[in-house]
Structure formats: structure tokens, C-alpha cells
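Below is one structure, written out as C-alpha cells, with a few remarks after it.
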Amino acid sequence: MAIEKIPTEYFPKSKNGPSEESAAVMNLQPGEAVKFPCRWQHTTNINNDRCHANAQWYAAARRRGFRISVRCRDEMVYVMRREEK
């Protein structure tokens with residue numbers, strides 16, 4: 001296998017940027033909230049209905065250095081940026 005150095009401008013660009021929902025979460029200001037329709041899979045058992053996208057929202061907020069609260073109810077996702085202490 002041949003390994004060669006390349007200029008950084010030859011590094012392939014990402015085809016997909018953040019989703020519209022992720023961008024909205026990352027742009028929240030302290031105390032602001034957004035809601036959007038849930039299009040993600042859920043795991044349902046006797047006592048719990050867990051949205052698989054919750055981890056995505058927490059990660060998007062962590063990338064921007066803040067914390068959020070997330071709820072997925074009645075096929076809508078609610079995300080609120082927590083107030084900084």
C-alpha cells in the first residue's frame with residue numbers, strides 16, 4: 001500500500017452538514033427552546049418510550065459547550081438550552 005501526503009485542499013469535503021434540527025439546537029441561546037417533528041426510531045417497552053435521536057441532540061449541544069433538556073412526546077421533539085449558572 002502506498003501512502004502519500006496530500007495538500008489539505010485535496011481532503012474530501014463532507015457531503016452532509018448538520019441536519020436542520022441539529023443546527024437549530026446548536027444555535028440555541030440560554031433559556032431558548034425549539035420543537036420539531038420526530039422522524040427517528042423509538043424503542044418502546046412496558047415503562048419507557050425512548051427516542052433514538054436524544055443522544056444526537058445532547059452531542060450537538062456538547063459540541064457548542066452547553067447543556068440541554070430534551071423531551072420527545074406525541075411525535076414532537078422539544079429541546080431547551082439550560083440556563084448557565
Side-chain angles (χ1 to χ4, degrees):
M1 173 164 97
I3 299 174
E4 68 179 273
K5 289 192 177 196
I6 61 170
T8 56
E9 56 268 8
Y10 289 160
F11 190 81
K13 300 276 189 244
S14 174
K15 291 182 181 178
N16 299 330
S19 68
E20 185 178 352
E21 297 94 347
S22 290
V25 170
M26 289 189 290
N27 291 325
L28 286 173
Q29 297 302 311
E32 286 185 334
V34 294
K35 76 175 187 174
F36 42 85
C38 183
R39 57 184 174 90
W40 294 270
Q41 198 173 27
H42 283 237
T43 299
T44 305
N45 62 28
I46 295 172
N47 298 320
N48 195 8
D49 178 24
R50 188 176 68 81
C51 180
H52 287 215
N54 281 0
Q56 176 180 338
W57 313 130
Y58 287 114
R62 268 194 319 271
R63 278 188 224 111
R64 295 292 175 133
F66 59 88
R67 294 182 172 270
I68 58 172
S69 295
V70 180
R71 304 289 184 275
C72 185
R73 300 282 189 273
D74 301 321
E75 297 183 12
M76 291 295 287
V77 177
Y78 300 85
V79 182
M80 179 180 66
R81 179 171 172 174
R82 295 185 195 168
E83 295 283 344
E84 298 169 11
K85 295 180 182 180

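Side-chain atoms are counted along with the backbone in the values below, which use heavy atoms only and exclude waters and symmetry mates.
Heavy-atom minimum distance, M26 versus A60: CG-O, 3.4 Å. Between S19 and R39, the shortest heavy-atom distance links the atoms CB-NH2, 4.0 Å. Looking at every heavy atom in both residues, I68 comes nearest to A61 through CG2-CB, 3.6 Å. A pairwise comparison of heavy atoms in S22 and Q56 identifies OG-NE2, 3.0 Å as the closest pair. The nearest pair of heavy atoms linking L28 to R81 is O-NH1, 2.6 Å. Taking every heavy atom of both residues into account, C72 and H42 meet most closely at SG-CE1, 3.3 Å.
For the pair F36/V79, a side-chain contact is recorded, criterion being any heavy-atom separation below 4.5 Å from C-beta on.
Criterion: ILVMFWY side-chain heavy atoms under 4.5 Å apart, direct or through other members. Under it, M76 and Y58 are not part of a common hydrophobic cluster.
Counting heavy-atom neighbours within 6.0 Å of E4 CD, excluding the residue itself, gives a total of 12 or less. The 12-atom threshold is exceeded at CZ of R82, counting heavy atoms of other residues, nucleotides or ligands nearer than 6.0 Å.
Here the CZ atom belonging to R64 is positioned 6.0 Å from the CG atom belonging to N27, to the nearest 0.5 angstrom. Here the CZ-CE distance, from R67 to M80, works out to 13.5 Å after rounding to the nearest 0.5 Å. Interatomic distance, SG of C38 versus CZ of R71, reported as 14.5 Å (0.5 Å rounding).
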